[in-house]
Amino acid sequence: MATVILISQVLMGIALILAFVRVVRGPSLPDRVVALELFASIVVGLVGVYAIRTDVSSFLDAAIVIALMGFLAAIGFARFLERGGPRDD
Amino acid sequence: MEPVMAVAVGLLYAAAIFLMLRRSIVKLVIGLILLSNAANLLIFTTAGMTRGAPPLIPEGLSAPLGPVADPLPQAVVLTAIVIAFGVLAFAVVLIRRAYEIVKADDLDKMKETDT
Amino acid sequence: MRPEVALPVLLPLLSGAISLLFWRSRPMQRFTAVAGNLALLGVSLWLLVSVIQEDYVVIQMGGWQAPFGITLVADMLSAVMIVLTGLMGLVLSIYSLASTGDGHERFGYYPLMHLLLAGVAGAFLTGDVFNLYVWFEVMLVASFALLILGGEKAQMEGAIKYVTLNLLASVIFLSAVGLLYGMVGTLNMADAAQRLAVAEHQGMVEVLAVMFMVAFGIKAAAFPLFFWLPASYHTPPVAVSALFAGLLTKVGVYALFRFFTLLFDQTLGYTQELLIWGAALTMVTGVLGAAAQFEFRRILSFHIVSQIGYMILGLALYTPLAIAGGIFAVMHNMVVKTNLFLISGITRRLQGTYELKKMGGLYRERPWLAVAFFLSAFSLAGVPPLSGFFAKFVIVRAGIEAEAYVVTAVALLVGLMTLYSMVKIWNEVFWKSLPEDNLVPTEEVVVGDDSRMVPPSLWLMYLPVAVLALFALLIGVLAEPLMAMMNQIGEQLMNPQGYIEAVLGADVGIEDALIEAPDEEVSP
Amino acid sequence: MIETIKGFLILTGALFMLLAALGILRLPDLLTRMHATTKAAALGVILIMLAVAVHFGEVAVVARAFAIIVFVLMTAPVAAHVIGRAGYFVGSKLWSGTVKDELRPNYDPLTHELKSGLETDSNAVHQPRENDPK
Amino acid sequence: MMQFAVLSGFVLAAFAPLFHRWFGERVSFVLAAFPAALALWFLGQMPAVMRGEVLFLELDWVPSLGMSLSFVIDGLALLFALLITVIGTFVLIYAGGYLKGHRDLVRFHIVILAFMVSMLGLVLADGLLTLFVFWELTSITSYLLIGFSHADIEARKSARQGLFVTFAGGLALMAGLVLLGNAGGSWSLAEINAGGIDLREHDLYLPMLLCLLLAAFTKSAQFPFHFWLPNAMAAPTPVSAYLHSATMVKAGIYLLARLQPSLGGTEAWVGILSVVGAVTMFTGAFLAVRHTNIKKMLAYSTVMALGTLTMLLGIGTEGALITFVTFLLAHSLYKGALFMVAGILDHETGTKDITAMGGLRPLMPVTAVVAIIAALSLAGAPPLFGFIAKEMMFEAALEAEVFGWLVLLLAFVSAFLTIAVAAIIALRPFFGERRTTPRVAHEAPLSMLLGPACLAALSLLLGVLPVLAGMGVLTAAASAVMGEPVSVYLSLWHGINLPLVMSIVTLALGYLLFKRWDRVRAHLARLDPVMARGPEAGYEAFMHWVTVVSEWQTRILQNGYMRNYILVMVLVLIALLGNSLLLRHPLEIAFELDVRFHEVVVVAMMVLGALFAAIARSRLSAVVSVGIMGFSIALTFILFSAPDLGITQLLVETLTVILLVLVLFRLPRFASLSTPLERVRDVLVAGSVGVLITLLILTAWGIDQFVPISEYMIENSVPLAHGRNIVNVILVDYRSLDTLGEIFVLALAAIGVIAMLKLRAPVKPAKPAAQEKESSHG
Amino acid sequence: MVKSGTLILHTAARILMPLQLLFSVFLLLRGHDEPGGGFIAGLVAAGAFTLYLFAFGVSATREVLRMVDPRDLIGMGLLFGMASVFPAWFVDQPFLTAQWWTIPGIDFYASTPLIFDIGVYLAVLGSVLAMVMTLMEVDKDEP
Amino acid sequence: MTGAIWNLLLALAWVILSGDFSGLNLVVGLVFGYITLVLIEPQVDALAGYPARVPRILKFLGFFIKELVQANLRVGFDILTPPWHMKPGVIAMPLEARTELEITMVANLISLTPGTLSLDVSDDRKVLYIHAMFLDDEEELRRNLKEMEYRALELFR
Ligand code: NA
Ligand code: NA
């Protein structure tokens, strides 16, 4: 089981890196925001796996918060774009 | 893990200071955000980092079963995070108002009050 | 249960909260401002009486024994600072009734002031390092908000510097707190003092010392960390300037005194040298900065810096007498500098400007204002028998007794330069005739703080000025009881064991705090 | 058995995450990238949360794991819609291989009006609704 | 009675406005009754003082500092006290006439009364600090008096100059007195003078002496600080007569005399005092001849007298010291009278230029007589008191041992110059052909004549009957200065000796100079460019330098560039941290690497997020990167057992990003504003901070010497605080005060934001641009 | 011409906001024992209102809040916070000493720490909401 | 009626979230649910007839998961293999759904299904614009989408 968890953590770690690469590469703000969203999702996954690994269910609360609140930033960015804010790319 | 974290926190401080040395107010405020995060991490790291043992006591017990992470730095950092949020929110709005009034993002154009 | 130790913090918090809750009602705000500050002055006097009787008064907040909870503790230093805070609060709230306009009152002027005072009082009373950080932030954010109240261009420019550089200081402070906890595992100042004294890694103790020094040095506006002050203090509404000038920087000075007598006295030598040269350069740069200015509040702002140097010198000389002198300087400066700012507000209201070159004729027009200014300004320059004389004299005496001749000479010369600026103001504002092109308008003056029309002779503005001018005189003429207190402060700060025992209990030893006793500390 | 299920769920979940990340990196334009993230990442989270549910087995934890699943299912598409729409409307370039765009002709970038193409003359006029900004 | 003498004047000064209301025009006489009464009281003390009794009074002031208000009356004090009160009486009466109807007469009375008692306090003081306090008070009151005509820029400038010079001396005095008090082991002058400690042998004798001399020289207008005194003539003439001839300027001399017993007689003392005194004497006499403004001439002649007094103290022999007290008295009498005469002339003719006056004798006969008597005394002509003083002065000069020839030469030259000045003052206005003056002259009123007449009469009386003075106060005064009893016997006729010859020669030369004065002045005018580089130019240069340096310093330090401010602060931090951490102490770092891949990735994301935010070209990329960093930090918290922190960080990060986005909408895009070189510098600075922080964390983390207080918190969280989430228990119970403060911080930030956004500066009505500028420009 | 939200966002906000608010209360009440507490809960609640703000704009959000201005929330929160300070005084214990009261009949403890946490919750919610709302309000008013 | 159901739902959610299944906690949940509903009451109007649909929900869930996994695999395959097989495009899908809740539900489900992404609803709420990744067979796609909509609407009606 430990191996499975380790592998999954490595996979998700790589996923984090890839998402970050997209943040850097852009090219436009929406691309970056999407990558940020993905980043948050991967964090939820990592937290879930970590909860299993440590056998501490309290970590799930963090996952709930991300699941429930994480998309707010994206909505903020979208609102910015729709109100005519520059995409800055 | 602490050595890695130490280096990371050092880099965070460096990035923050670098940003604060720019002329753009936006960069300045982003630098401030990084800086306060860096300080929080410094507290967290210096006190020692523990894996998988949050300072929570299982129901029905009066003390944790094994050693847990030091809760005090966590409380301190939590307070610091919220304080920093308030302060930075103020700072963010301040640069906006300053920009509206001074009509420049350039800090070099905001030196009338000094000399 | 010693309520008087906590009430100076809790009362303004309560006043602030009430004032905030009734943000729609201006009469309520104004009432709370005066009543709350009156109560604050009352409890601070209560605290002073307690401290006079018992030397140290302690309350363990939340009922948690030190060092586990947060301890509020008053020694003579804290008590004196608290009384001054109460006095400033009351005086400024009364002045504000006249000087503050609708807009400011509607957008939180009084709550901000209450909370600023709470932050200041908290900083003076807390016995906990992180709690000190929290009160610093309360104070700081309140000052941010007060600084921008009104939203003038100059305010915004000043505020950006003020905010940024103070935040930098906060972060350094916070980092140092984190390192301190990582190193000695406590946040209680008395406990930390004990632990630092036996810490094996003295290099790290010194590092902490310099970090706190830089952080508080920025807060106190010491050389070369003062830039934020002259850039901003002349921009806000005048009562706010006065409040900042009187109280805020002194909190940084207080923190320096507290930390470098309680926690870090063992690193003396190196840090003392740093403080001495810092103090000297602060005095000189501040006073020279003022010499170049021709704007009332800018001159006063630079002088704050200079006076901070005096105070720090008191600490740096590190004898009971010097510390007494340093704190006397703090006390005197709070009264006098506040008053000078308040006077600048009145003159501004009378003549519509802070520019010395455009002002004049007030010696004839407002003789009593002239007397008040004369007392305050010459007190600042250290003319006997006004309050500033003792501040200067005691430090000079301490400096000579400590054989620190160069820095003492600097302190004396700075006195001369202070006179230079004060005479400049006096000559321009009071003696010189009003320039032809800036004759006082005959109708009521529209004041910049807001658009309310106010008759220029509001007694509410004169009353605080008169009271403070009287204080400037009385502190000098009736210096004895105050000097006795200052001497007690000097003794208490130089012997921190009393503070430590008052906080931790008389029978507490360092042994419990050690994971394993260091070899040389084991006593048979 | 339970271990195997758990392991499978975790691994697949992680793999979907990676897939999403690969997708966002490789796919050529904003909208196609969003396909990858919204679904694959959501699926990844769902799988891992199922694993959590299996692992802990307590009612309270299972409930929370399902809450997370529900929340992800509720928020992910909303976020995708909001960003996708904003990205599309502010002119993110579509991939050159895009074969069809039925939206563009119905959208007025000045007024932000979006027609359905099914309007009759009578209902083509934009009717103010209660939530429009004043 | 003594405290009454010293302190009641302040009360009287405070009530002066009331007296004005009660007595109207006669107020001067009423007020003059006060010093007159004091003078009588002091006269009454004379027998006791003559018997060698010392009256002493001590009031506690600040015992915690060892400071008391203590006063003593000995011979020296009594001499000065009498001068102050007697001349004060006449000056008050005189001023009543001189400033009749002046709208600021009340203020004048307040200040001059305050000055009078300050001066009394100064000469009666026994405590070192008492002395200092009153010393400074005389400086301040004098400032107000010089600047009496404050609408006049010259008056303001002169007042400032006088204050500066004397205040600078005051600072030296403070240092000197502290040194003296520490060295002498007492804060009482009497005790120091009587004490067994020989201060002359003290290690700090020289610095102490120099400080005190600096104080005395500035106050008493010794070369090179003499320039402020003639400028102080901007004051109304009663002030000049009182402060700048008889009293305040003699405070420095008084100090020297006071210290003579304990500090005098050393090589340094004798050398400095004789030479400075002689040079001052000559300077004063020489400059007096150059001027035509009658007040300036008198002022320089005062400088000359002050130099003489200093010189006499320097010579320090018994004879010199007796001469000192005699000269002091003589000078006060005739100079007071002459100043008042000058005031009368100014008042009546409307000019101070002596060359513009002439033939006034028939119009103002009484004034003329008074002027001539006083001037004769100044010139040192028999049978006036000034003659005795001058004879004795020559005698003393002959006794000078250090630089004896120089002293003698300067004394001789000064004497004949002074005679010429005396002649000019006494003769030019009253004799010769009548000149038309701005005002039509007539005799002065009684109030203005009373003072000079009495003083002139005294000069004459004491000249004829010197024994009155010698028997009286002068013996006691000389004993006090000497530190041991001396007997003073004065006589008009000393027999034919060298001083008499010198007197005769100087009289002749002086008369010659008087005759050719106009031509000599024309020659001297050629020296103007040289004179312009005198000490006063030094003062001006100093003031200029202060402005230049301060402006330069402000430009350099307070330059307005925020990044420079931050740079300086950061560099200070780097220097101090680096020094303590790396140089002054050995670096002890704990190092133990135990990492997991995903942890490293998360931390790397955090760092990369931050770094990308730092270098991003677009603001929004930076914001997204901040978001990435925030999520990574949150995950770090979670991975290392801090779920509460993680959650908080996530939420705060989300809200921060939202705020940034809301705000950035209004802000411009990033622009690259710095040069590559600046960027390299900043990278180096920032990098240094980073390295230091890393080392600091590792060092602090490696220290495991103490039990953290949180152990108690963990143990008692459930039993005492009834909570299982220890972090929350800390927040709401153990350290709830922190949390209380914290919610107030948030609330404050919110108020600030609301105020900033909603409370806008009022749109100003169309006002001229100047008004607009003034709020933001310096 | 700006839309303050789309149909989909409207619906989502209507459903999610109550859910988030509920969740925030949940976090608040069990914060003493599990992760959560006044701060976190307050921030979640503020987030909930922010979502609503984004979807419907300021005036609609004010309607939801009815008479309660965010500033009132701040004041109430601070007063709640202060309210937990003083009870200890009446039993002669230092300020802020926790007081626990059993509510008779049911298995629930009221305590000053709970009151305090509620104060924190309200203050955090009020402050954040005030900031975001004011920012949006001002933006709307500006050209 | 709608309000009561939501109230109960919220109360249940409360009980589940808190993990405390006591009667008292249900009451607490009901109270909070009630408060919440009072808060949102003016905005929510489309909550009619909810409780009878639990079996349909389960059935729909199965269908949805099948779609989800299937399509995910297809997208994944395309991502992992270098040449692009996709033929993306934006299509307009006429909507059966009428109420806001229905439209949102349908749009979200479509978004969650790999290969399709709801971009926006036309102002007159008649058409949903969808970005699809695989437009090889547009008719097939439209059919699938319609089925999804149909099944989803069944839950509400
Ligand atoms: Na540690
Ligand atoms: Na440590």
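Residue numbering restarts at 1 for every chain, and letters A, B, ... go by the order of the sequence lines.
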Q: When only pairs under 4.5 Å are counted, which of D/Leu11, D/Val72, D/Val54 shares the most heavy-atom pairs with chain A?
A: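 Most pairs with chain A among the choices: D/Leu11.
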
Q: Give the member of D/Val45, D/Thr12, D/Leu47, D/Leu19 that has the highest number of heavy-atom pairs under 4.5 Å with chain A.
A: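 Top option by heavy-atom pairs under 4.5 Å: D/Val45.
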
Q: With chain D as the partner, which of A/Asp55, A/Val10, A/Val47 has the greatest number of non-hydrogen pairs under 4.5 Å?
A: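 That would be A/Asp55.
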
Q: Is it true that A/Arg79 and A/Glu82 make a salt bridge, defined as a side-chain N closer than 4.0 Å to a carboxylate O?
A: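 Between A/Glu82 and A/Arg79 there is no salt bridge, as every charged N stays at least 4.0 Å from the carboxylate O atoms.
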
Q: Between the main-chain N or O of D/Trp95 and the side-chain N or O of D/Asp29, is there a donor-acceptor pair closer than 3.5 Å?
A: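 Yes, the answer is positive, given that a donor and an acceptor are paired below the 3.5 Å cut-off.
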
Q: Looking only at heavy atoms and a cut-off of under 4.5 Å, which of A/Ala74, A/Gly48, A/Ser57 has the most pairs with chain D?
A: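 The option with the most such pairs is A/Ser57.
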
Q: Can you say whether D/Leu15 sits under 4.5 Å from chain A via the side chain, the backbone, both, or neither, judging by heavy atoms?
A: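 For D/Leu15, heavy atoms of backbone and side chain both lie under 4.5 Å from chain A.
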
Q: Taking only residues two or more places apart in sequence, or in another chain, which ones meet D/Arg33 in a salt bridge (charged side-chain N to carboxylate O under 4.0 Å, His left out)?
A: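 Partners of D/Arg33 under the salt bridge (charged side-chain N to carboxylate O under 4.0 Å, His left out) test: A/Asp31.
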
Q: Could you list the donor-acceptor pairs under 3.5 angstrom formed between side-chain atoms of residues 61-72 of chain A and any protein atom two or more places apart in sequence or on another chain?
A:
unit_1, atom_1, unit_2, atom_2, d
A/Asp61, OD1, D/Arg64, NH1, 3.0
A/Asp61, OD1, F/Arg30, NH2, 3.0
A/Asp61, OD2, D/Arg64, NH1, 3.2
A/Asp61, OD2, F/Arg30, NH2, 2.4

Q: When rounded to the nearest 0.5 angstrom, what distance separates CG in A/Leu46 from CZ in A/Arg53?
A: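 It is 12.0 Å, given to the nearest 0.5 Å.
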
Q: Measure A/Val56 against the heavy atoms of chain D and call it side chain, backbone, both or neither at under 4.5 Å.
A: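 Only the backbone of A/Val56 comes within 4.5 Å of chain D.
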
Q: Flag the one option from D/Ile24, D/Thr37, D/Leu18 with the top tally of heavy-atom pairs under 4.5 Å to chain A.
A: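 Ranked by contacts with chain A, first place is D/Ile24.
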
Q: Per the side-chain contact (heavy atoms from CB on, under 4.5 Å) rule, which among A/Leu16, A/Val44, A/Ile42 passes with D/Met17?
A: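 Exactly one pass, corresponding to A/Ile42.
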
